[in-house]
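Encoded as structure tokens, the structure appears first; notes follow it.
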Number of protein chains: 2
Amino acid sequence: MTDPGPIARKQTGSLPPVEKSPEEKTSGEGELRPAMELLFFAYRDFTGEADALLADFGFGRAHHRVIYFIGAHPGMSVSELLKILRITKQSLSRVLSQLIEEGFVLQRTDAADRRRRRLYLTAKGSNLERRLTERQSRWIEAAYREAGQDSVQGFLDVLRGLINEDDRKRVGIPR
Amino acid sequence: MTDPGPIARKQTGSLPPVEKSPEEKTSGEGELRPAMELLFFAYRDFTGEADALLADFGFGRAHHRVIYFIGAHPGMSVSELLKILRITKQSLSRVLSQLIEEGFVLQRTDAADRRRRRLYLTAKGSNLERRLTERQSRWIEAAYREAGQDSVQGFLDVLRGLINEDDRKRVGIPR
DNA sequence: AATTTAAGTCAGTGTTATTGACATATATGC
DNA sequence: GCATATATGTCAATAACACTGACTTAAATT
């Protein structure tokens with residue numbers, strides 16, 4: 001679970017506050033800017049938690065995503081992984097081959113349908129997955145503590161609302 | 001405000017539900033997995049909203065971020081932008097030069113300190129910014145509607161908690 | 001037997017990011 | 001006024017992660 005981009009800084013000169021023209025206010029759009037920025041920063045910092053650890057292994061976020069999903073769904077096939085990640089076969093191939101070569105992921109031909117290769121984490125892979133997930137869990141727990149438990153359900157509900165219909169069903173706790 | 005990575009799919013074969021070992025449960029870590037996945041999917045879908053429009057201009061997420069922040073902080077300097085985005089001068093340079101060349105961003109030497117170049121959106125840039133922000137606003141509004149207004153404050157509070165201390169002060173509504 | 005599915009591979013390309021070195025103009029401290 | 005620091009910009013080289021399109025192999029399905 002990794003990957004954002006930019007944001008956040010220390011003021012060197014001066015930054016005027018975000019100007020809100022009257023039109024913005026009435027359209028309601030201005031009020032959503034905080035949400036947009038928060039999402040951006042939050043996602044970046046959240047994923048940043050894992051990045052340092054991944055770098056120790058010469059891995060990037062793509063590796064993390066593969067490890068995470070195989071860990072969450074042991075025995076999943078390559079095509080299932082492709083659909084979850086929404087990347088091309090070629091892109092997955094690069095990362096997955098590396099993980100297999102280096103002994104983090106293991107492939108086994110499905111007994112029933114021998115075209116399929118089921119994917120599993122090795123002990124080594126599982127260990128890395130655990131370390132990565134622990135880091136990010138700690139980060140989330142801290143945010144929950146700060147915001148208060150009352151905020152958690154709202155947080156999850158809005159996130160769920162941000163996800164497109166199709167993907168929504170296979171994420172997290174239904175409600 | 002753009003940029004995530006992976007997740008979400010359509011089941012072709014079968015995906016066992018995320019297994020939770022007893023240890024995971026007691027550590028509390030297992031309960032945070034939904035949050036991790038939701039963040040991942042939500043961020044991807046949220047930013048995906050803007051990607052299609054950006055592609056029409058041959059722009060990527062990096063361009064969006066620059067446009068967004070200059071729009072939010074007109075007159076900001078290059079170094080301020082660098083600190084917000086947390087990228088290198090070189091990385092920004094590529095994107096910013098392009099935006100300037102193509103007339104989306106305008107640079108003006110600061111009157112007081114002539115080393116500084118203050119950045120502004122042109123009408124053209126402002127127009128694109130508006131269209132991008134509108135799209136994402138609509139997406140967020142829909143999520144708010146679905147989750148219910150009661151959820152919004154919790155959503156914002158937890159996101160804020162996910163952001164590192166330093167950056168927190170300059171994001172969105174203080175509380 | 002023909003078609004479809006699952007997986008893998010090849011070659012080429014693009015975007016976004018990195019580092020380190022260096023240049024220029026300007027401002028500031030002494 | 002000179003030395004230093006700051007703000008910006010540029011060069012060259014590199015890397016991670018993604019894409020497309022074409023093609024192969026093996027196995028399952030119809």
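Proteins come first, then strands; the chains are lettered A, B, ... in the order of their sequence lines, and each starts at number 1.
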Rounding to an integer number of Å, can you tell me how far [X] [atom1] sits from [N] [atom2]?
{"X": "A:Leu92", "N": "C:dT9", "atom1": "CG", "atom2": "P", "answer": "11 Å"}
{"X": "B:His64", "N": "C:dT15", "atom1": "NE2", "atom2": "P", "answer": "18 Å"}
{"X": "B:Asp113", "N": "D:dT6", "atom1": "CG", "atom2": "P", "answer": "12 Å"}
{"X": "A:Leu81", "N": "C:dA6", "atom1": "CG", "atom2": "C1'", "answer": "13 Å"}
{"X": "A:Glu80", "N": "C:dT5", "atom1": "CD", "atom2": "P", "answer": "15 Å"}
{"X": "B:Leu99", "N": "D:dG9", "atom1": "CG", "atom2": "P", "answer": "13 Å"}
{"X": "B:Asp51", "N": "C:dT16", "atom1": "CG", "atom2": "C1'", "answer": "13 Å"}
{"X": "A:Gln98", "N": "C:dT9", "atom1": "CD", "atom2": "P", "answer": "14 Å"}

Exercise for the section: Assess the side chains of A:Tyr120 and A:Gln107: does a donor N or O sit below 3.5 Å from an acceptor N or O? Expected result: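 There is no such pair (donor and acceptor under 3.5 Å, judged by atom type) between the side chains of A:Tyr120 and A:Gln107.
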Exercise for the section: Would you check if there is a donor-acceptor pair between the side chains of A:Glu101 and A:Ser97 at a distance under 3.5 Å? Expected result: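 No, because no side-chain N or O of A:Ser97 sits under 3.5 Å from a partner of the opposite role on A:Glu101.
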Practice task
Report which part of the nucleic acid B:Ala112 touches: base, sugar-phosphate, or nothing (heavy-atom distance under 4.0 Å, all strands).
Solution key: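 Result for B:Ala112 = sugar-phosphate.
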Problem - Between CG on residue B:Leu121 and CZ on residue B:Phe69, distance to nearest 0.5 Å - result: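 Answer rounded to 0.5 Å: 12.5 Å.
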Problem - Nearest-nucleotide 5' precedence on DNA chain C, B:Ala62 against A:Val78 - result: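 Per heavy-atom nearest nucleotide, the more 5' residue is A:Val78.
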Problem - First of B:Arg117 and A:Ser93 reached from the 5' end of DNA chain C, by closest nucleotide - result: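 Counting from the 5' end, the first nearest nucleotide belongs to A:Ser93.
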Problem - Distance-only donor-acceptor test, B:Arg114 side-chain atoms vs C:dT26 base atoms, 3.5 Å - result: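 Under the 3.5 Å cut-off, the side chain and the base do not form any donor-acceptor pair.
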Exercise for the section: Return yes if the base of D:dT6 and the side-chain atoms of B:Arg115 contain a donor-acceptor N/O pair under 3.5 Å, otherwise no. Expected result: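 Answer yes: a donor N or O sits under 3.5 Å from an acceptor.
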Handout entry: Short side-chain N/O contact to C:dT15 OP1/OP2 from B:His63, under 4.0 Å
Key =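 For C:dT15, neither OP1 nor OP2 has a side-chain N or O of B:His63 closer than 4.0 Å.
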Practice task
Ignoring backbone atoms, establish whether B:Gln107 has a side-chain N or O less than 4.0 Å from OP1 or OP2 of D:dT8.
Solution key: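 For D:dT8, neither OP1 nor OP2 has a side-chain N or O of B:Gln107 closer than 4.0 Å.
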Is there a side-chain contact between [X] and [Y], using heavy atoms and a 4.5 Å cut-off?
{"X": "A:Arg160", "Y": "A:Arg168", "answer": "yes"}
{"X": "B:Gln98", "Y": "B:Val95", "answer": "no"}
{"X": "A:Asp56", "Y": "A:Leu53", "answer": "yes"}

Quick one: which protein N/O atoms are closer than 3.5 Å to N/O atoms of nucleotides 19-22 of chain D? Pair and distance per line, please.
unit_1 : atom_1 : unit_2  : atom_2 : d
D:dC19 : OP2    : A:Thr88 : N      : 2.6
D:dC19 : OP2    : A:Thr88 : OG1    : 3.0
D:dC19 : OP2    : A:Ser91 : OG     : 3.0

Practice task
Please tell me which of A:Val95 and B:Ser97 maps to the more 5' nucleotide of DNA chain D, matching each residue to the nucleotide holding its nearest heavy atom.
Solution key: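 Result: B:Ser97.
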Practice task
Taking the six-membered ring for Trp and the single ring otherwise, decide whether the centroids of A:Phe104 and A:Phe57 are under 6.0 Å apart.
Solution key: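 Yes - the distance between ring centres of A:Phe104 and A:Phe57 falls below the 6.0 Å cut-off.
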Exercise for the section: Ignoring the backbone of B:Ser79, work out which of C:dA7, D:dA7, C:dA17 is nearest its side chain. Expected result: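 Among the listed nucleotides, the one closest to the side chain of B:Ser79 is D:dA7.
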